[in-house]
Visitor: 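Pasting a structure here, questions to come.
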Amino acid sequence: MEDWLLHLVALAASILVTLLLSSLLKPSRPRKTASLPFPPGPRSLPVVGPLFALLRRGRSNFDVDQLLRRLRRLHSRHGPILSVRRLSSSRPAVFIADRVLAHRALVARGAEFADRPPASGSSAVLSSNQRSISSAPYGPLWRALRRNLAAELLHPSRLRAHSPARRWALDLLVRDLGTESSGGAAAAVVVMESFQFAMFCLLVLMCFGERLPDEQIRRIESLQRELLSNFISFSVLAVYPKITRLLFRGRWKKLMEIRRKQEETFVPLIDARRNDLLLLRRRRSEEDGFVYSYVDSLVDLEIPVDGGRKLTDGEIVSLCSEFLSAGTDTTATSLQWIMANLVKQPDVQTKLYEEIERVVEKDAAVREEDLQRMPYLKAVVLEGLRRHPPGHFVLPHAVTEEAEFEGYRIPKGAAVNFAVAEIGWDGAVWTEPMEFRPERFLEGGEGDGVDITGGREIRMMPFGAGRRICPGMGLALLHLEYFVANLVKEFEWKPAAEGEEVDMTEKFEFTVVMKTPLRVIILPRKRT
Ligand code: HEM
């Protein structure tokens, strides 16, 4: 063969091989999603449906319980992934109630599903236009805010510095419960308010760096509570905000009033910290009791917005409010559910008390370092979170770009949510899932070694899973273990009256709480 012909053939062959290889190695182009159907769901009339829903949502006694029951019915009709027409947008809301699909979305395709839907109305006001961790779109701002919380406050080395704060909150709680229960030989007490106040004392101290007087903590608590208790009624203001702001003028005024009071209360505390910070750092080392607080980290932080700048006071107020709401109500709710189960099942309480007695010195409180030697305590806390997750759903997720999922179209900006409680009650994973049975988390049980981050597989997800998993998970587990252990060490917990059943009915508020708050007799343990 002629030389030139040989070169030509070789060149053609190499081009062919290159083309073939590059087509094999190139990531497959995303399938056209526009032609795909939305996940199945109920039909609704495009105009009448939304209007009807708006009117129903406008009622302040909007029944979340009913909505959840309806969702359950829809899942049994349409399957584990379904979509519901949304009142506020042309995009449907998607619900996923299957642990394998949840893992596929949140973990395997974690970055794609890590966005949040756009906020409007009340959520935009409260989050300073999506400048809080939970509301920020998936991107550099979210990363900076989340990294700040995780590294500056929740990192184990920083967490240790707040150990005296936990001891202080525990002493207040024990004193509070002890005083309340000393009204008579066996006076019954309602404990939830004491749990909530103790959590507020602790989180307010971690947030603002100062032990504030009781009345100031109570003022902050009542503000945050007002916000959470109106959470559902305010949500209507996110639907066509310009119209609903006029239609529900009273609610809008109330929202603005709460926000104003928050700023009036938080900004002086932030200012004090900002002004004192340099001085404090110079004068007081950590040994002297100076502990770096959440506000300190926020004052120092530079965010990737407008080419890089410090946070405004309004943004810091939103982040403090988020920190207090996320860390107090969830933990107090879980604590109440766990204690309720210990009252209902005295044998579990005895077993836990015996473990504590084996590990801890007779008259001493349970120390944080003791917790590592208490597998049964950990099992009790995990079972509490599996059986009674404080949130039955995660916060709404969204996809960063329109995506195909399980053959369906998930539009950008559509709210995607996951049925946390149903996933933890899956009968294919847990035997008799509705029973409270801590033993399932001990060696050889079906929950032995469970990974609650859901990284490998999801079997329960009280803190969510994937990129948006709760950054406070470690802190929440520490608080629950520490308080449950000490409350059982200090007191024997009994039903309010001989033979009285603890009512375990759920009620949907910001978290899923006990419909009848726990009322018990608590007897100080006899010192021997
Ligand atoms: C028992 C206690 C707690 C439970 C059950 C819980 C649960 C959750 C859940 C389910 C989410 C939503 C995850 C998602 O959207 O996929 C979340 C988010 C969040 N939690 Fe928690 N949480 C608890 C305590 C805390 C504490 C103590 C803090 C902070 C001090 C905290 C801070 C946050 C924040 C900032 C987010 C937003 C994360 C993001 O969007 O990236 N939580 N939590």
Side-chain angles (χ1 to χ4, degrees), residues 96 102-103 105-107 110-111 113-117 119 123 127 130-139 141-150 152-155 158-159 162 165-166 169 195-196 199-200 202-207 293-294 297-298 318-338 381-382 384-398 415-421 423-424 452-454 458 460-484 510-513:
I96 296 176
H103 187 270
L106 290 172
V107 181
F113 279 81
D115 214 356
R116 297 282 189 213
S123 12
S127 65
Q130 296 194 268
R131 302 230 164 100
S132 66
I133 305 174
S134 52
S135 66
Y138 184 60
L141 173 67
W142 168 78
R143 221 163 273 125
L145 294 174
R146 189 174 161 117
R147 196 184 301 127
N148 175 65
L149 174 66
E152 300 297 337
L153 202 76
L154 303 180
H155 188 271
R158 296 277 185 182
L159 267 189
H162 292 279
R166 285 186 282 279
F195 289 177
Q196 281 167 332
M199 287 305 151
F200 259 96
L202 176 47
L203 275 262
V204 164
L205 176 49
M206 292 178 77
C207 186
S293 71
Y294 189 39
S297 74
L298 295 174
S318 296
L319 286 155
C320 292
S321 175
E322 170 186 69
F323 178 78
L324 296 174
S325 297
T328 51
D329 229 53
T330 45
T331 314
T333 301
S334 291
L335 188 57
Q336 183 179 224
W337 281 116
I338 292 170
V381 169
L382 284 180
L385 288 165
R386 182 197 68 80
R387 179 61 190 81
H388 303 282
H392 278 210
F393 291 91
V394 294
L395 302 170
H397 282 239
V416 183
N417 217 314
F418 299 83
V420 169
I423 286 173
I452 53 166
T453 68
I458 292 177
M460 58 189 276
M461 47 178 284
F463 296 99
R467 315 258 162 148
R468 289 278 186 167
I469 192 171
C470 174
M473 184 175 80
L475 180 68
L477 289 171
L478 170 62
H479 286 174
L480 287 173
E481 290 171 12
Y482 182 67
F483 283 94
V484 170
F510 176 69
T511 52
V512 180
V513 296

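Note that this is a predicted model, so its numbers are computed, not measured. All ligand and atom numbering here is 1-based and tracks the order in the structure.
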Visitor: Report, in ascending order of atom number, the atoms of ligand 1 lying under 4.0 Å from any heavy atom of Ile133.
Guide: 39 (C), 40 (O), 41 (O)

Visitor: Hey, could you give me the CG/OG distance between Leu153 and Ser293, rounded to the nearest 0.5 Å?
Guide: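 Separation between the atoms: 8.0 Å.
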
Visitor: Describe, in one word, how the ring planes of His397 and Phe418 are oriented to each other, choosing from parallel (under 30°), tilted (30 to 60°) and perpendicular (over 60°).
Guide: perpendicular

Visitor: Starting from atom 13 (C) of ligand 1, which protein heavy atom do you reach first, and at what distance in Å?
Guide: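 For atom 13 (C) of ligand 1, the nearest protein heavy atom is Arg468 O, 3.3 Å.
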
Visitor: Please could you name the atoms of ligand 1 that Arg116 approaches to less than 4.0 Å, counting only its heavy atoms?
Guide: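 By the 4.0 Å cutoff, the relevant atoms are 14 (C), 15 (O), 39 (C), 40 (O).
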
Visitor: Closer than 2.8 Å to atom 21 (Fe) of ligand 1, which protein N, O or S atoms?
Guide: Cys470 SG

Visitor: Would you mind running through ligand 1 and noting each atom that sits below 4.0 Å from a heavy atom of Ser334?
Guide: 1 (C)

Visitor: Just jot down the ligand 1 atoms closer than 4.0 angstrom to any heavy atom of His397, in number order.
Guide: 14 (C), 15 (O), 16 (O)

Visitor: Within this structure, what is the CG-CZ distance for the pair Asp115 and Arg467, rounded to the nearest 0.5 Å?
Guide: 12.5 Å

Visitor: Would you call Thr333 and Val512 a side-chain contact if the rule is heavy atoms closer than 4.5 Å?
Guide: no

Visitor: Any nitrogen or oxygen of Arg467 lying under 3.5 Å from a nitrogen or oxygen in ligand 1? Just yes or no.
Guide: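 In fact, backbone or side chain, Arg467 has no N or O that close.
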
Visitor: Rounded to the nearest 0.5 Å, how far apart are CD1 of Ile469 and CZ of Arg146?
Guide: 7.5 Å

Visitor: What's the spacing between Arg468 CZ and Tyr138 OH if we round to 0.5 Å?
Guide: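 Answer rounded to 0.5 Å: 9.0 Å.
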
Visitor: Atom 30 (C) of ligand 1: which of Phe323, Phe113, Trp142 has the nearest heavy atom?
Guide: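 Comparing heavy atoms across Phe323, Phe113, Trp142, the nearest one to atom 30 (C) of ligand 1 lies in Phe323.
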
Visitor: Nearest 0.5 Å please: distance from the OG1 atom of Thr328 over to the CG atom of Leu202.
Guide: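 If we round to the nearest 0.5 Å, Thr328:OG1 and Leu202:CG are 10.0 Å apart.
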
Visitor: Look at the aromatic rings of Phe483 and His479 and report parallel, tilted or perpendicular, splitting at 30° and 60°.
Guide: perpendicular

Visitor: State the atoms of ligand 1, each with its element, that fall below the 4.0 Å cut-off from a heavy-atom position in Pro390.
Guide: 5 (C)

Visitor: Need the ligand 1 atom indices (1-based, order shown) with element for anything under 4.0 Å from a heavy-atom of Pro462.
Guide: 5 (C), 7 (C), 10 (C)

Visitor: Would you say that more than 12 heavy atoms from the other residues, nucleotides or ligands in this model lie under 6.0 Å from the CZ of Arg143, or not?
Guide: yes

Visitor: Measure the shortest side-chain to side-chain distance between Phe463 and Leu385 over non-hydrogen atoms and say whether it is less than 4.5 angstrom.
Guide: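 Heavy-atom side-chain distance check passes, below 4.5 Å.
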
